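Both backbone and side-chain heavy atoms feed into the values below; hydrogens, waters and symmetry mates do not. Just so it is clear, the model here is predicted, and its values are computed rather than measured. Quick note on labels: first sequence line is chain A, next is B, and so on, each numbered from 1.
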Amino acid sequence: MQPEIMSPTEPMNPSSDPSGSALQSEMDKRFEPSTYEQAWQRRWAESGIFRVEPVAGRASFCIMIPPPNVTGKLHIGHALQSTLQDLLVRLHRMRGENALWLPGTDHAGIATQLMVERQVEKEGTSRKALGREAFLERTWEWKREYHGNIREQLDLLGASCDWTRERFTLDEGLSKAVAEAFVRLHGEGLITRGEYMVNWSPVLETAVSDLEVETKTVQGKLYHVSYLVEGEPGAPEDTGERIVVATTRPETMLGDTAVAFHPEDERYAHLVGKAAILPLLGRRLPFVPDAMVDREFGTGLVKITPFHDPNDFEVGKRHGLPGISVIDKSGRMTAEAGAEFAGLTREVARAKVVERLRELGHLVKVEDHVHNVGHSQRSGEPIEPLVSTQWFCDVSGMAAQALAAVEDGRLRLVPESWDKTWEHWLANIRPWCISRQLWWGHQIPAWYTADGRTIVAHDEEEAVRLAGVASAAELSRDPDVLDTWFSSALWPFSTLGWPEQTADLATFYPTSVLITGYDILFFWVARMVMSGLHFTGEVPFAAVHLTGLVRDAEGVKMSKTKGNVLDPAELIGEYGADAVRFTLASLDSPGRDIPLNPEQIAGYRAFGNKIWNATRFALARIPEGARVRSSLDDLLPASLAAPERWILSRLAATAAEVNAKFDTFRFDEACNRLYHFFWGELCDWYIEMAKPALLGSDADRALRPRIGDVLLTVLDQALRMLHPVMPCLTEEVWQRLPGREAIHPETICLAPYPQGEPAWRDESVEIQMEAMIEAVTRVRALLAETGRERKVGLWTASPVLEVFLAEQQALFATLCRLESLEVRSRAFSTADGGPEDLVAGIGIKILGAKKGGDEVAERAKLEKEIEKLGAEIDRTIAQLADESFLAKAPAPVVEKRRAALAQMEDRRSSLRSSLAG
RNA sequence: AGGCCCGUAGCUCAGUUGGUUAGAGCGCUACGUUGACAUCGUAGAGGUCAGCGGUUCAAGUCCGCUCGGGCCUACCA
C-alpha cells in the first residue's frame, strides 16, 4: 500500500521554484545544505503534503506538539524534542498512516504578561495605569507580532507539522474547552473557592502553585528571642520566668498568636494555661502543645504565626488560634504590624525588629543557619505564604487514576525509571491552586451576584440565566485568570475539538506518544493524564518519551548568564538542519542529559557530505538504463553476484533493525545503525567492491549483473530509511535517482518506509563476506606493518569458503591492492614457513619479499599478540575442564567456547610459525 | 530527610533477557590525494568497566555496602 498524494501537484522539482535550489542532472561537487534545505521546506509546505486528510481504514498516528510560549524563541531543547517528533511523524507518514503532528502555542500567562509589562513600562506607563482592557489589547498585539516566530523556527528545522490545524491555548475552541472543564469540575465538587494559605509572589502579586515554587538552600540566621511568661489571665504580674524561641523570620513575630511545644516535652508541660508576652507589641500568646514541634530543634519552643507560615496555619486551625496578617500582597508590613513597622518591606522590617529586640534585651543570640526557602520560580524572590481567597482543584481522585494508568500499563513512561517519581508525586499530591491574579489568560468563568451567590457558567449569558437576574450588569465576574497549565492540561483533546465529538477527535485521540522534557513531567504531563482520564476516560497518549536536558559540550546546563547557550537557528545556519537533527537524535539515549558539542554536529555534516558524494559517484558511474527497483520480483537475488547479494541482505537486515529501534524510541541506536550501514557497509565496502565493475571493462561488468540496479535500489532504500532524520538532504538526493518515480511520483516524504525485504536476507553470503572483509583488513594490516611486496596466498579448510574466495579472488586483490593473489587448496606447510595469520577461518600468507620495515617492532608485536592469545587460551582450557561449567552452562555456550578455543589455537600456531619464519 | 540517575578509552557516550578477546564518534599516531568524498581513505595506539563484598559454572551487566558527581521531592521554625 502506497500513500496517496494528498494534494496532486506537478512532480516536485525545486528547479521549477525560482527561489529554490537548482536540481541539475549533475550534482555539484560541493555539498552545501543551505542551497536546498529551505527550498524543500517551502516546496513541501506549498504542495500541502503535510495536511492530513484522514483515510478510513488506515492506522492513525498523532503527536501533539508541547506548545511553546507564543512569543518565545525555540531553544535547543525544543529543537531536540521537535526533531524527535518530526522524525516519528515522518516515519509513520511513510508507513502510510494518517500521521498528524499538530502544532500550536501556549499563551504562557505570567511569562507573556511580564514581557508586555516591561514593554509598556519602557513607554513610561504601566499595566495598572493602562487598565485591564487596554493592557490585554496590547498583549494581543504583542502575540500577533511574535506569533509567527515559532513557525519560522520549526520550518528552519524541517518540521512537517499540519499548520492547517494549528492551535493556540487562548483561541476560541480551546477557551470553550477550558470553560467546559471548569464547569464540569465545579459541578462535581472538585473545584472550590476558599480562603487558604497559598504561595504568594510579592513581585508578581499573584498566587502560584506548589510547582512554581523552587526550594533554595540559603545561608540565613537563627534568632533566639526571649519572651516573658505570664501567669493565668488576669494575673499579669511577672512570674520571673523567661522562655526562648528560635526563629529565622523575626518580622513575622508581629503576627504571632501562640507559642507551641511538643505535648510530651516535660520541660514545658508546666506552661499549659499560661501565656508568653510578645515583645514589642505586648500581645498575650497562649502556649499550645502540638506534635508538629521537633523537641530537638532550637529550644523546642516554636512561635506560631498562623497567617504567614504553612505549618503554623495548620497548628492554628487545630487549636482555634486567630491569625493576623502582618504582610500584605506586595510584601510590605501592614498596619496590624504596628505603626513602627507598617509600610516597611519584609527585609527592612526584619532588620528593624531585630534591632528593637536587641535594644529591649530580648535578643539572646543570633546563629548562622542554613535552611531551605521557597522562591518564586518565575520572579526569583522568596515566596510569602499568605492567606487569601483562591480557587482550588481537588486532584486526589484524578491522581489515583493517573497512578493506576502507569501501574497497569495503559500509559508507558520512557524510560521507565520515571515510574517511581511519578508514583511518589501523585501519591502525595495536594490541592492545586488554579487561580492567578493576572490578566492574561482564561478568566475564571464565575460570576458573583449582589446577594453574594457564586454562579459558575460557560459564559455570561448562561450566568445571567442561572443567576435569575435581568442582565449581566447585575453580576460581577471573578477577575482572576486560570493557571496556564489548566488549559495545557486539556491540550491533547481540546486541540481536536473537545468537548464536541469531532471527526478529528475520533481519528486521533488518544494520541500516540508525547515527547517532552522531564522538567515538565508534573507541570504538564501528569496534569494532561489526569484531565485526559477524567474527561475522556482514556489516557491522552499511550507513551511518554522523556528527553534529557541539552547541555553544553562540558555537560553544563545552558544559561544566558553563563553565555554557553547554543541557538538552534545559528547551528542550523552553520551546519544545516539535517546535521543538527541527526546529532540531536543520535544523542538521545534514555535517562541521560545530552552534552551537545558543535564538533559532533560538524561530524554529522560530514556524514551528509558522504551521502552526497556516494550518490554523486553512483549516478556518474552506473550503467545506462539502471533503475531503482521497487519490488523483489524486479531484483531476485538468485541472479546476482555475491557482493550484490550481500549488500541487499545487509540492507534488509538494517531496515528491520532500524524499524524496531524507532518503534521503541531508541533514536540513538537507530541513527547509529543507519550511519554505520551507509558509511561502513555501503560506502567503505560495497561501493569499493562495485568499483571494479563500474569503472572497468565490459568483461568486468559481465561478472556483476545488474550492479547499477542494485546500487540504485540500495541508495533509494537507504535514503528513505534516513529521511525521517535527514529530510532535506534525502529528498534533494533521492529526486535524482533514476526510477524513483515508481516508488513515489512526487516526494520521498510519501514514499513507503523500507521494512526490510525478507527474501533479500542471505545468512550464508553474509558469513562468507564477513570472513572476506576480516581477511582483507588483516592482509592490509600485515602489508602495512611489514612493508612486503604485495603478493598474498590464502587458504581455508572450509570448502564452501574456498569456492567463495576463488570467485572473489580478483575483488580481494583489488581491495588489498595486491600484485598477485593465490587461493590455495592445501594448507600452508612448514616448508612455506607456515601461514602468517589466521582470521575467520582464512589462513593468510604474505608471499612477497621483504622490502624493509622495522623487524624488531614487528616481532615484539607478534610476541605480545601470542602472549595475549595464550592467556585467553589458558583461561578457556581451564573453563572447559571445569565440570560445573560443563554441567550447568547451556550446550551452545559450551560449544561456542570449544570452537573459539580451536580457532585461537590455530591462530596461535600461525602466529608462532610466522614468528619463527 | 526520602527518592532517582550517573561513574566504561584523552573527551562525550553505547553496551538488549548475565555467556567469557568490552564498542562508537571525536581527538591522537603513521601512511596515503591525477581516481565519489581531505567534510576523505588505510592501518594503529589507548580501558584491572569508581572501589569493596556477595549471588552464579559465568558479572561492565544482578544484589549489598563505600566513595565521587548530578537531579528531584520534603512543612524542622
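Rounded to a whole angstrom, the distance from the C1' atom of B/C4 to that of B/G53 is 24 Å. B/C71 and B/G32: their C1' atoms are spaced 49 Å apart (whole Å). Taking atom P in both B/U61 and B/G18, the straight-line distance is 12 Å, to the nearest Å. The gap from the C1' atom of B/A50 to that of B/G60 amounts to 12 Å, rounded to the nearest Å. Here, B/U29 and B/C13 have their P atoms 24 Å apart, quoted to the whole Å. Going from the P atom of B/G70 to that of B/U55 covers 35 Å, rounded to whole Å.
At the heavy-atom level, A/Y518 lies nowhere under 4.0 Å from the strands shown. Residue contacts shown for A/P595 are limited to sugar-phosphate atoms, with no base heavy atom under 4.0 Å away. Using a 4.0 Å heavy-atom criterion, one finds that A/P890 contacts the bases of the nucleic acid, with or without backbone contacts as well. Note on A/T777: only backbone sugar-phosphate atoms sit closer than 4.0 angstrom, heavy atoms only; bases stay farther off. At a threshold of 4.0 angstrom between heavy atoms, the contacts of A/K303 with the nucleic acid are absent. A/R666 comes within 4.0 angstrom of sugar-phosphate atoms only, judged by non-hydrogen atoms across all strands, and of no base. Here A/E314 lies out of heavy-atom contact (under 4.0 Å) with every strand. As judged by a 4.0 angstrom heavy-atom cut-off over every strand, A/R673 is placed among residues making no nucleic acid contact. The residue A/A781 sits close only to the backbone: its heavy atoms come under 4.0 Å of sugar-phosphate atoms, none of a base. Contact annotation for A/D294: base contact, defined as any heavy-atom pair under 4.0 Å involving a base atom. Residue A/N372 is in base contact, counting any heavy-atom pair closer than 4.0 Å across all strands shown. In this structure, A/R616 reaches the sugar-phosphate backbone alone: every heavy-atom distance under 4.0 Å involves primed, P, OP1 or OP2 atoms, never a base.
B/A14 is unpaired under the criterion used here, namely a Watson-Crick or G-U wobble arrangement in which both key atom distances are under 3.5 Å. Across all strands shown, B/U73 is found opposite B/A1 as a Watson-Crick or G-U wobble partner, with both distances under 3.5 Å. With a 3.5 Å ceiling on both atom-pair distances, the Watson-Crick or G-U wobble partner of B/G7 is B/C67. Partner assigned to B/C31 is B/G41, using Watson-Crick or G-U wobble distances below 3.5 angstrom.
Between the CZ atom of A/R790 and the P atom of B/G32 there is a distance of 12 Å, rounded to whole Å. Note: CG (A/L695) to P (B/C37) measures 12 Å, nearest angstrom. When rounded to the nearest whole Å, the span between CD1 of A/I594 and P of B/C26 equals 19 Å. Here B/G19 presents its P atom at 18 Å from CG of A/D882, a figure rounded to the nearest Å. Regarding A/Q600, its CD atom lies at a distance of 15 Å from the P atom of B/C11, rounded to whole Å. Atom CZ in A/F678 sits about 11 Å away from atom C1' in B/C37, given to the nearest Å.
Atom CD of A/E416 sits in a sparse spot, with 12 or fewer heavy atoms from other residues, nucleotides or ligands closer than 6.0 Å. Around CZ of A/F885, the count of heavy atoms belonging to other residues, nucleotides or ligands within 6.0 Å exceeds 12. Other residues, nucleotides and ligands contribute at most 12 non-hydrogen atoms within 6.0 Å of the CD atom of A/E867.
In this structure, the side chains of A/I611 and A/L729 come closer than 4.5 Å at one or more pairs of heavy atoms.
Applying the 3.5 Å distance criterion, the base of B/C4 shares no donor-acceptor pair with the side chain of A/K420.
With A/Y518 as reference, A/W418 is the one residue of A/W418, A/W422, A/W524, A/F523 to meet the ring pair (Phe, Tyr, Trp, His ring centres under 6.0 Å) rule.
Closest to the side chain of A/T247, out of B/C5, B/A77, B/A43, is B/A77.
Proximity of a side-chain donor or acceptor of A/H308 to a complementary backbone N or O of A/I327 within less than 3.5 Å is detected.
Phosphate contact (OP1/OP2 of B/G41, side-chain N/O of A/W679, threshold under 4.0 Å): present. Between A/R897 and B/C57, a side-chain N or O to OP1/OP2 separation shorter than 4.0 Å is absent. One finds a side-chain N or O of A/S589 lying less than 4.0 angstrom from the OP1 or OP2 phosphate oxygen of B/A14.
A/K691 forms a cation-pi arrangement with A/F617, by the criterion of a distance under 6.0 Å to the ring centre and an angle within 45° of the ring axis.
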